[in-house]
Number of protein chains: 2
Amino acid sequence: MKKEPNENQENICPLEFVQHVIGGKWKISILWALSIQTRRFNELQRLFPNITQAMLTKQLRELERDRFIRRKVYREVPPKVEYSLTPIGKDFFPIIKQMYEWGEKNYDVMNAQKKNPSNKRC
Amino acid sequence: MKKEPNENQENICPLEFVQHVIGGKWKISILWALSIQTRRFNELQRLFPNITQAMLTKQLRELERDRFIRRKVYREVPPKVEYSLTPIGKDFFPIIKQMYEWGEKNYDVMNAQKKNPSNKRC
DNA sequence: GGCAATAGTATGATTTTTGATAGTATCTAT
DNA sequence: ATAGATACTATCAAAAATCATACTATTGCC
């Protein structure tokens, strides 16, 4: 039998839920990108050149399933699909923003104490 | 060569940093538990009966490395080690709290639209 | 029909994360 | 010297996430 984490710790469950829906390597970045503006599939690929097409599709499908984003297909040539945030997705944005700000503030602090600060990528 | 996600998207980098330091299945829950009070190793094990000892140790070491928590050893018998939040860890807490609140608010909303609401665990 | 452009799917391999289990270290009271 | 309590550490296995690559679908225009 596969165990669930934490089955008798009710007060932590909402956190597990959040981790479940925004887990993975790309979802937060995708939500961030969509919070700035509606984007096409291609555009997201260009923004994240290191995500594979299959993975991008998978993440978008999951975000759609969890009602963070909306997928709108235009029956045109060439094909066009637009992704945008739903109200639930927008409601989540303040959290991402806070994470961004915390990250910005603490990235340098943490790296300043390491040997080779030139490793900095951003 | 292993690619890094997103190497030319500077404005998303702080988010990647945050994901890196709080990623994994247990860190947020551990931080939540420590935000309530300082805890001993044993206590954390009891709180999260489904995390293995090895994994708990690993997560605690990483949180310590990233300066979220402080590890204090008491030279006593039986051995006693206490874990508590550092200022950086405390600074992160509002984010966790917001995640908790968002999760609480949206868990039901999402599950209400599924077939079997009795699956609810919390 | 054939091509070009966008947005995917499918499949199998590789990497990363997590788990299970057993063993170690420390100290003290008996 | 041994046992008992806490806090680990080591090793290998299993599961999950991600990747690389190739293939498919849709549509309008030539």
Side-chain angles (χ1 to χ4, degrees), chain A residues 1-7 12 15-16 18-30 33-34 38-66 69-84, chain B residues 1-7 12 15-17 19-30 33-34 38-66 69-84:
Chain A
M1 179 193 120
K2 186 59 176 39
K3 287 190 198 170
E4 289 298 316
N6 221 16
E7 45 201 15
I12 291 184
L15 287 176
E16 289 171 7
V18 172
Q19 287 201 281
H20 175 71
V21 293
I22 61 154
K25 203 164 158 183
W26 301 100
K27 281 182 187 168
I28 291 190
S29 297
I30 292 170
L34 295 183
T38 293
R39 309 225 190 224
R40 297 180 61 177
F41 187 83
N42 241 349
E43 217 175 333
L44 290 169
Q45 277 195 105
R46 276 194 299 277
L47 277 174
F48 309 114
N50 299 316
I51 188 173
T52 60
Q53 214 171 17
M55 187 51 53
L56 178 56
T57 301
K58 183 169 172 265
Q59 303 294 295
L60 289 169
R61 291 287 179 281
E62 288 178 13
L63 285 170
E64 195 191 358
R65 178 202 66 196
D66 294 331
I69 67 175
R70 181 184 306 119
R71 178 171 176 271
K72 183 164 182 188
V73 181
Y74 293 82
R75 306 217 127 270
E76 294 176 3
V77 168
K80 177 176 168 183
V81 178
E82 274 186 356
Y83 293 93
S84 58
Chain B
M1 179 192 121
K2 185 59 176 40
K3 287 189 198 172
E4 290 297 316
N6 223 16
E7 47 201 12
I12 291 184
L15 287 177
E16 288 172 7
F17 174 60
Q19 287 201 281
H20 175 71
V21 292
I22 61 154
K25 203 164 158 184
W26 300 100
K27 280 183 186 166
I28 291 190
S29 297
I30 291 170
L34 294 182
T38 293
R39 310 224 190 223
R40 297 181 59 178
F41 188 83
N42 241 350
E43 215 176 333
L44 290 169
Q45 276 195 106
R46 276 195 298 278
L47 275 174
F48 309 114
N50 299 316
I51 188 173
T52 61
Q53 218 171 16
M55 186 53 51
L56 179 56
T57 301
K58 183 170 173 264
Q59 303 295 294
L60 289 169
R61 290 285 178 282
E62 288 178 14
L63 285 170
E64 195 191 358
R65 179 202 66 198
D66 293 332
I69 66 174
R70 181 186 304 120
R71 178 170 177 271
K72 183 164 182 189
V73 180
Y74 293 82
R75 306 218 128 270
E76 296 177 2
V77 168
K80 177 175 168 184
V81 178
E82 275 186 357
Y83 293 93
S84 58

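Chain letters run A, B, ... following the sequence lines, proteins first and then strands; every chain starts at 1.
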_Below 4.0 Å: OP1/OP2 of C:dT6 and any side-chain N or O of A:R40_ = no
*Interatomic distance, A:L56 CG vs C:dT9 C1' [rounded to whole Å]*: 13 Å
*What is the distance from CG of A:L60 to C1' of C:dA7, rounded to the nearest Å?*
11 Å
*For B:E43 and B:R40, indicate whether the former's side chain and the latter's backbone hold a donor-acceptor pair under 3.5 Å.*
yes
*asked:* Please pick, from D:dC19, C:dT9, D:dT9, the nucleotide with the shortest atom-to-atom distance to any side-chain atom of B:T57.
replied: D:dT9
_CD-CD1 distance between A:E16 and B:I28, expressed to the nearest 0.5 angstrom_ = 10.5 Å
_Output the rounded distance in Å from CD (B:Q59) to P (C:dT18)._
6 Å
*Just to confirm, is there a sub-4.0 Å distance from OP1 or OP2 of C:dA7 to any side-chain nitrogen or oxygen of A:N42?*
yes
*Pairs touching residues 72-81 of chain A that satisfy salt bridge (Lys or Arg N to Asp or Glu O under 4.0 Å), sequence neighbours left out*: A:K80-A:E82
*Check the pair B:L60 / B:L44 against side chain to side chain contact (heavy atoms under 4.5 Å, CB included), numbers first and verdict last.*
CA-CA 10 Å; B:L60 289 169; B:L44 290 169; 4.0 Å; yes
*What is the distance from CE of A:M55 to P of C:dT16, rounded to the nearest Å?*
14 Å
For nucleotides 21-27 of chain D, tabulate all protein N/O to nucleotide N/O atom pairs closer than 3.5 Å, reporting atom names and distance.
| from | atom 1 | to | atom 2 | distance (Å) |
| --- | --- | --- | --- | --- |
| D:dT27 | OP1 | A:R75 | NH1 | 2.4 |

_If I take atom CG from residue B:N50 and atom CH2 from residue B:W26, how far apart are they, to the nearest 0.5 angstrom?_
5.5 Å
*Compare all side-chain heavy atoms of A:R71 with those of A:Y83 and state whether any distance is below 4.5 angstrom.*
yes
*Integer-rounded Å distance: C:dG19 C1' and B:N50 CG*: 11 Å
_Gap between atoms CD and C1', on A:E62 and D:dA17 respectively (whole Å)_ = 10 Å
*asked:* So, OP1 or OP2 of C:dA5: does either fall under 4.0 Å of a side-chain N or O from A:K80?
replied: no
*To the nearest Å, how far apart are B:I51 CD1 and D:dA7 C1'?*
14 Å
*asked:* Does D:dA7 have its OP1 or OP2 closer than 4.0 Å to a side-chain nitrogen or oxygen of B:R71?
replied: no
*For B:E62, which residues count as a side chain to side chain donor-acceptor pair (under 3.5 Å) partner, sequence neighbours excluded?*
B:K27, B:K58
*asked:* Can you tell me which nucleotide in C:dT9, D:dC19, C:dA7 comes closest to the side chain of A:R61?
replied: C:dT9
*asked:* Does a side-chain N or O of A:K58 approach OP1 or OP2 of C:dG8 to a distance below 4.0 Å, or not?
replied: no
_What is the distance, to the nearest angstrom, from the NZ atom on B:K72 to the C1' atom on D:dT6?_
18 Å
*Looking for any heavy atom pair under 4.0 Å, which part of the strands does B:Y83 touch: base, sugar-phosphate only, or nothing?*
sugar-phosphate
